[in-house]
Structure formats: C-alpha cells, structure tokens
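Below: one structure, written as structure tokens.
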Amino acid sequence: MGIGCIAVGCKKLRSISLKWCLGVGDLGVGLIAVKCKQIRHLDLSYLQITNRCLPCILQLQYLEDLILVRCLGIDDNSLVALKQGCKSLKDMLCEGGELLDRILSRYFGELAIMRYYQSVNLLAFGCNIHPRN
C-alpha cells in the first residue's frame, strides 16, 4: 500500500531511492514507473526485481540515472535492452558480481573488466557505467 500511495500521490516525482525496500518488487517498481512519468533518478539497489519490471522503466522518457546495485534478477540482455530503449539514460550504476563481469566481457572483452576494477569509468551501451564506491 505504501508504494502505491507514493505512486498515485506524487505524480511529479523526479527522484526516488527504493534502495533496500525489501517489500518492493516488480509490481511496485512498475507502478512507480507508470504513475510517476517525470522520474529522472531511480535507485533500485538491492531490490528483488526481475526483467518483468523493465518494460515499465522503459516508458520513463526523462530517466537519466538508474542504479541497479545487486539486482540479481535482471539479466544481461535486459540491461542491453534497457539502454537501447531508454534514450535519455546517461548513467547506469550496476554492480552485481558475476553479472557485470559477464556484461563487460561479452561486449568489451577482458580488458574492460580490468579497467572497470581499476576504477576507470567506462562508456558502455552509450552511457557511463560507474564502479560503486
């Protein structure tokens, strides 16, 4: 009920961090994305979300920053689709161990992984992927 009240009552919301909101899943994220269309900054870190909420996130035409730290239910292909479908996205912070390694290796090779872990910002998928500090 809480996330629903925020979504319905705060339609002009531009920034929200749902980090560690353990009760929020795909449905809650989808509701925020559908009702709060002006969101520019969205932190979904540590949520148990899956690829099912991504179509709603793709509808956020002003989204610039997306943080997906330890969102283990989102796969490689979905991250690529997210960037290709969300043209306004400038920065994506995603840290999740093997997932990020697979993405960097798949698209940029082993050198990209080494640079990432040396805290070099990479330009990937047309947006900056930053290491978590």
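Heavy-atom basis, side chains included; hydrogens, waters and symmetry copies ignored. All of these numbers come straight from a predicted model, not from anything done at the bench.
- Open room surrounds CD on Gln48; 12 or fewer heavy atoms of other groups in view lie less than 6.0 Å from it.
- With sequence neighbours excluded, the residues satisfying side-chain hydrogen bond (donor to acceptor under 3.5 Å, both in side chains) with Arg52 are Asp26, Thr50.
- Ser15 contributes atom OG, which lies 10.5 Å from atom CD of Glu64 (distance to the nearest 0.5 angstrom).
- When all heavy atoms of Gly25 and Ile49 are compared, the closest pair comes out as C-CG2, 3.7 Å.
- Between Asp65 and Leu42, the closest side-chain pair of non-hydrogen atoms is not below 4.5 Å.
- Pairing each heavy atom of Arg40 with each of Gln38, the nearest pair is NH1-O, 3.0 Å.
- Atom CG of Leu44 and atom CD1 of Ile57 lie 5.0 Å apart (nearest 0.5 Å).
- Within the model, atoms CD1 of Ile39 and OG of Ser88 stand 11.5 Å from one another, a figure rounded to the nearest 0.5 Å.
- Residue pairs meeting the side-chain hydrogen bond (donor to acceptor under 3.5 Å, both in side chains) criterion with at least one partner in residues 53-62, sequence neighbours excluded, do not occur; the list is empty.
- Qualifying side-chain hydrogen bond (donor to acceptor under 3.5 Å, both in side chains) partners for Ser45, counting only residues two or more places apart in sequence or in other chains: Asp43.
- Between Leu18 atom CG and Leu22 atom CG the span is 11.5 Å, to the nearest 0.5 Å.
- At least one side-chain heavy atom of Leu54 sits less than 4.5 Å from a side-chain heavy atom of Ile74.
- Summarising the geometry, atom NZ belonging to Lys19 is positioned 11.0 Å from atom CG belonging to Leu47; distances are rounded to the nearest 0.5 Å.
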What donor-acceptor contacts under 3.5 angstrom involve side-chain atoms of residues 2-13, with partners at least two apart or in another chain?
none

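- Note that SG of Cys86 is 6.5 Å distant from CG of Leu58, once rounded to the nearest 0.5 Å.
- Pairs of residues two or more places apart, or lying in two chains, that qualify as ring-ring contact (aromatic ring centres under 6.0 Å, His included) and include a residue from residues 17-41 are Trp20-Tyr46.
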In residues 27-36, what donor-acceptor pairs under 3.5 Å come from side-chain atoms, sequence neighbours left out?
none

